[in-house]
Each structure stands twice: as structure tokens, then as C-alpha cells.
There are 2 protein chains.
Amino acid sequence: MFAKWKAELSICPLFAGIAPEELQIMLACLNPEVRRYQKNELVTVEGEKFLGVGVVLAGRAIVTKESVAGNRVILSSLQPGDLFGEMVAFSGRKGWPATILAQQDAAVFFLAPEKIIGNCPRQCGSHRRLITNMLRIVSQKALNLNRKVEHLTIKTLRGKIAVFLLEQAKEAGAMTFMLPFNRNEMAEFLNVARPSLSREMGRMKAEGLIDFHGASVKILDAEALKRMAE
Amino acid sequence: MFAKWKAELSICPLFAGIAPEELQIMLACLNPEVRRYQKNELVTVEGEKFLGVGVVLAGRAIVTKESVAGNRVILSSLQPGDLFGEMVAFSGRKGWPATILAQQDAAVFFLAPEKIIGNCPRQCGSHRRLITNMLRIVSQKALNLNRKVEHLTIKTLRGKIAVFLLEQAKEAGAMTFMLPFNRNEMAEFLNVARPSLSREMGRMKAEGLIDFHGASVKILDAEALKRMAE
DNA sequence: TCCTTTTGGTAACCTAGGTTACCAAGCTTT
DNA sequence: AAAGCTTGGTAACCTAGGTTACCAAAAGGA
């Protein structure tokens with residue numbers, strides 16, 4: 001039944017490390033609920049009863065949320081193999097945190113949380129792998145959000161840039177590295193205005209703190225950057 | 001062996017919903033490693049090999065981290081029943097994300113991730129409950145961090161206040177409610193300066209948008225606040 | 001009851017950084 | 001090769017909001 005979506009399922013992080021044959025057997029056991037949607041149909045409605053972790057099998061959808069201002073905001077898009085609802089599945093919340101809209105005819109399955117955790121007749125490695133995957137996915141989300149909070153709480157523009165560059169240097173293990181973002185993306189990540197980012201990086205260059213050509217950056221005065229990062 | 005810490009363990013969220021007798025049996029099975037520390041001894045060292053999810057059994061400790069500036073920052077404090085290391089346990093990371101320092105003589109146990117997930121001889125409800133608890137804890141952290149990111153990415157001070165107050169009203173189910181923070185805490189949560197927060201709330205009051213006396217707040221013009229929250 | 005501390009509000013001052021518009025260089029498409 | 005688009009940098013302008021210092025009211029402790 002799920003064999004037709006073999007390729008899509010194999011790239012879903014929830015099923016990472018599970019052999020295709022094993023996956024088919026496990027899904028037959030777990031028996032997730034497949035639902036189909038036509039273009040522009042609602043897959044989930046914010047606040048309505050949560051059905052389970054969702055996996056997109058076919059088609060495309062967008063995740064939207066209503067801001068407190070009453071505007072609908074697009075948070076992300078989903079394509080085959082993508083997961084959704086994983087952060088709320090075990091959180092104790094009962095309703096969907098966002099509204100998902102099919103942008104093409106789509107197929108999705110929903111895997112109830114208690115099925116992920118539950119006792120299946122075969123206590124196989126695959127089931128344990130499913131649980132481990134679930135934990136890894138949510139943990140990595142939490143760590144990424146934690147890092148984002150750390151960046152966002154820095155008060156000054158120069159402080160944000162300094163911390164970001166020092167972090168990149170640490171990860172690269174060198175004082176010369178390639179930025180993983182273009183300017184627009186870097187500005188968005190740091191939650192600052194692109195022209196302001198440009199201006200400040202230019203000033204830092206003029207002061208001999210850094211040098212850069214496009215995405216290539218070299219830290220010239222790490223100690224000074226560290227002082228700014230405080 | 002763990003009976004002496006019965007009270008501490010019963011308040012640990014990792015063991016929520018597990019009967020004390022069941023817990024003792026399960027711990028005998030899981031066999032976490034208990035370690036004792038003297039005051040000022042290091043419980044964990046940032047970057048060093050992760051041993052497992054930690055639970056404080058006795059004593060107190062502080063969680064610290066070295067900023068990119070090289071300063072040691074206190075992130076939080078730990079007391080009996082508190083959990084630590086839960087976000088990295090299943091994330092794939094190998095090292096401790098922070099340094100923990102005992103502030104009193106302390107006892108801690110470490111529960112290896114594979115033991116939480118692993119096949120114990122008794123596939124009991126308690127073990128499944130442990131896994132569910134783990135998922136709930138990490139999920140709730142992720143959701144809290146997500147909320148914090150949402151607040152921090154708002155650009156203007158007035159926007160931050162508007163969103164915060166609209167959110168409080170929604171949770172209270174009324175346009176009059178008590179703030180859950182004092183001014184200092186609210187300023188810290190919104191990452192703004194306390195006098196600025198005070199000034200702006202005063203202006204919003206003068207403009208007839210809200211009314212407040214201390215922690216008691218009443219929204220007078222929700223539509224205007226919604227426009228500001230965009 | 002009195003003293004101390006905490007909390008919340010205010011004002012003056014100043015600059016950090018957002019906004020807007022524009023432009024050149026580089027890249028992509030026709 | 002030329003046209004169109006994206007990216008990165010710049011400058012002028014302006015105000016939002018941080019900082020500092022201070023103070024009154026309220027709360028807590030002796």
C-alpha cells in the first residue's frame with residue numbers, strides 16, 4: 001500500500017536508517033491514515049483536533065498561521081518526504097498549531113503519537129529506530145531554536161555580527177571562512193536590515209577588524225570581536 | 001538503592017506518571033550511573049563526552065556556558081529533581097553543551113540515551129511512559145523556544161508589547177487580565193529596556209489603547225493593537 | 001512603627017540602526 | 001552579445017529606543 005511512495009518515504013527523517021522492506025512491514029503494522037486533498041483544500045486547521053504526525057506523500061502544501069494581528073502568514077512550504085506536526089505530537093497539546101493548505105493535489109498520512117510509542121507485536125529494531133528518530137528530530141529543532149534565541153537576544157547590530165562571525169570561525173576551525181548565507185539571508189537570520197548589515201560590516205572592515213569579499217570573510221582582530229560580543 | 005531519593009525522583013518530569021514502586025523497579029533495570037560531587041566540583045564540562053540525561057538527586061548546581069567572547073555566563077540553576085542534558089541526548093551531538101558546577105555537595109545520576117530507548121526485559125508501561133515523558137519534555141522546550149523566537153523577531157518595541165498583550169488576552173479569554181511578570185521580567189522576556197517598556201506602555205495608555213494598574217491590564221482598543229502587531 | 005529594599009515611572013540626552021532610494025557589478029536568461 | 005534580474009554597497013534622513021539618573025510608592029523585614 002505504501003510501496004508506491006517508497007522514494008518519498010525513504011527521504012523522510014522520521015524513517016531514516018530503516019531499510020525499505022522493514023519500513024513497509026512496519027507501516028503495515030502502524031497503519032497510518034492516508035488522506036488525499038485537492039488543490040486549495042485544507043490539510044489541517046489551526047486549533048482543530050490533532051490527528052498525528054503528518055508526512056507528505058505527494059503534492060505540495062504551505063504551512064500558514066494567523067498572527068495575533070489577524071493576518072495569515074506563510075511559515076514554510078512542504079513537499080514529499082516532509083514531516084509536520086512533530087513538535088506538538090508529544091507536547092500535550094490537543095490542536096494543530098498551524099493551518100496547512102494543499103497547493104497541488106496532495107496525499108498525506110497521519111501517524112498517531114500513541115502508535116509511534118505503542119507496543120507493536122514485533123518489538124523490532126525498526127520501531128525503536130522510529131522512536132529514536134522522533135526524539136532526534138525534535139531535539140534538533142529545539143537546539144536550532146535555542147541557537148536562534150541566543151542570536152536574537154544580542155542587543156546591538158555589531159554584537160550580532162561579531163557573535164555570528166566568531167561562531168562561523170569556530171565551526172570552520174579557521175579565521176578565514178565562507179559565510180553560509182548571502183547578505184539578505186544573513187540579515188534575515190540576524191533580524192536586521194540588509195543595508196544596516198552592509199554598513200556595519202563595512203565599518204568593521206574599515207576599522208581593521210575583519211576583511212571580506214562577498215561571502216569570503218577573514219577575521220583580523222578576534223579579540224576585538226570578542227569584546228564586542230559581550 | 002534509589003529509594004532514598006524517592007521524593008526527588010517523584011518530582012522529576014522524566015518520571016511523571018510512574019508509580020514510585022514501578023519507578024524503583026525500572027531504575028533497577030535501567031541502572032543509571034550515580035556520581036557524587038563535592039562543592040565546586042565540575043559535574044559536566046562543555047564539549048566533553050556526553051554521558052546521558054542527568055537528574056539531580058541531591059545538592060545544587062549551576063549551568064554555565066562560555067560565550068564566544070570568552071566569558072562564563074550562568075544560564076540557570078539546578079536543584080533536586082531537575083533534569084539536564086535532555087535536549088542533546090538524542091540530537092546526535094556527542095559533547096555536553098554546557099558546563100555544570102556543583103554549588104553544594106551533590107549527587108547526580110546519568111541515564112544513557114540508549115537505555116531510555118532500549119529493550120528492557122520487561123516491556124512495561126513504565127518504560128513506554130519514560131519515552132513519552134522524554135518526548136514531551138523536549139517538545140515542550142521546542143515549543144517554548146519557538147514562542148520566544150516569535151517574540152524576539154518583532155522589530156518594534158510597541159509591536160512587541162502589542163503582541164504580548166494580545167497573547168495574554170487570548171490565554172485569559174478576556175480583555176482584562178493579570179500579567180504573569182513584573183516589569184523587569186516582562187522587559188527581559190521581550191528583550192527590551194525596562195524604562196523604555198514603561199515609557200511605551202504609558203504612551204499606549206495615554207492614547208487610549210490600554211489601561212493598566214501594576215500587573216492588571218485591560219485592552220481598550222484591540223483592533224489598534226492588532227494593527228501594531230503586524 | 002519605622003527603616004530598608006524593591007518596583008515602577010519619568011525625563012533628558014544621544015546615537016544606533018531602520019528606511020528609502022539609488023546604483024554598480026555580477027549573474028542569468030534570451 | 002544584450003537585456004534583465006539579483007546581489008551587495010552606499011548615503012541621507014530621521015526617530016525609536018537605550019542609557020543614566022532619579023524619585024515616589026509599595027512591599028517587606030526588623
Side-chain angles (χ1 to χ4, degrees), chain A residues 69 148 150-165 168 176-220 224-225 227-230, chain B residues 69 149-165 168 176-220 224-225 227-230:
Chain A
K148 198 160 185 177
E150 282 176 11
H151 280 278
L152 288 170
T153 51
I154 296 164
K155 296 287 202 174
T156 65
L157 169 57
R158 184 168 282 216
K160 289 183 172 187
I161 296 171
V163 168
F164 183 79
L165 296 181
Q168 294 301 310
T176 303
F177 50 86
M178 297 294 289
L179 289 174
F181 298 134
N182 68 20
R183 287 295 184 275
N184 226 44
E185 291 161 341
M186 186 174 168
E188 190 175 333
F189 179 82
L190 298 177
N191 200 41
V192 300
R194 186 191 58 78
S196 310
L197 172 64
S198 226
R199 180 178 56 201
E200 200 61 33
M201 283 182 73
R203 287 175 180 161
M204 293 168 86
K205 184 177 182 179
E207 290 170 38
L209 305 176
I210 61 175
D211 198 13
F212 63 84
H213 298 92
S216 178
V217 173
K218 182 175 183 180
I219 290 179
L220 301 174
L225 288 195
R227 284 195 292 278
M228 285 164 198
E230 282 169 15
Chain B
V149 166
E150 282 176 12
H151 280 278
L152 288 171
T153 53
I154 298 164
K155 295 287 201 175
T156 65
L157 170 56
R158 184 169 281 216
K160 290 185 172 188
I161 297 170
V163 169
F164 183 79
L165 296 182
Q168 292 303 310
T176 304
F177 49 87
M178 297 293 289
L179 290 173
F181 298 134
N182 68 20
R183 287 297 182 272
N184 227 44
E185 290 162 341
M186 186 175 167
E188 190 174 332
F189 179 83
L190 298 177
N191 200 40
V192 302
R194 185 193 58 77
S196 311
L197 172 64
S198 226
R199 179 176 58 201
E200 200 61 36
M201 282 181 74
R203 287 175 180 161
M204 292 167 86
K205 183 176 182 181
E207 290 170 37
L209 306 176
I210 60 174
D211 198 12
F212 63 85
H213 298 91
S216 177
V217 172
K218 181 175 184 180
I219 290 177
L220 301 175
L225 287 196
R227 285 194 291 278
M228 286 162 198
E230 283 168 17

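In what follows, every chain begins at residue 1, and chains take the letters A, B, ... in the order their sequences are listed.
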Legend entry - Between CG on residue A:Leu179 and CG on residue A:Leu165, distance to nearest 0.5 Å: 6.5 Å

Run the side-chain donor-acceptor check on residues 186-196 of chain B: report pairs under 3.5 Å with partners two or more places apart or on a different chain.
{"residue": "B:Asn191", "atom": "ND2", "partner": "A:Thr153", "partner atom": "O", "Å": "3.2"}

Inset, instruction - Could you state the atom-to-atom distance from CZ of B:Phe181 to P of C:dT7 in whole Å? - result: 15 Å

Legend entry - the helix from C:dT1-D:dA30 to C:dT30-D:dA1: angle between end helix axes, five pairs per end, rounded to 10 degrees: 60°

Legend entry - Atom NZ of B:Lys205: over 12 foreign heavy atoms under 6.0 Å: yes

Legend entry - From CD1 (B:Ile219) to CE (B:Met204), nearest 0.5 Å: 8.5 Å

Inset, instruction - Sugar-phosphate atoms are those with a prime plus P, OP1 and OP2; base atoms are the rest. Using that split, label each nucleotide of nucleotides 9-18 of chain C B, S or - for protein heavy atoms under 4.0 Å, 5' to 3'. - result: BBBB----BB

Inset, instruction - Please state how far atom CG in B:Asn184 lies from atom C1' in C:dT6, giving the value in whole angstrom units. - result: 10 Å

Legend entry - Closest contact, heavy atoms only, B:Glu185 versus B:Pro180: OE1-O, 4.5 Å

Legend entry - For B:Arg158, all residues meeting salt bridge (Lys or Arg N to Asp or Glu O under 4.0 Å), sequence neighbours excluded: B:Glu200, B:Glu207

Inset, instruction - Identify the heavy atoms of B:Ala224 and B:Leu209 that sit nearest to each other, and give their distance. - result: CB-CD2, 3.6 Å

Inset, instruction - For residues A:Gly208 and A:Leu220, report the shortest heavy-atom separation together with the two atoms involved. - result: O-CB, 3.4 Å

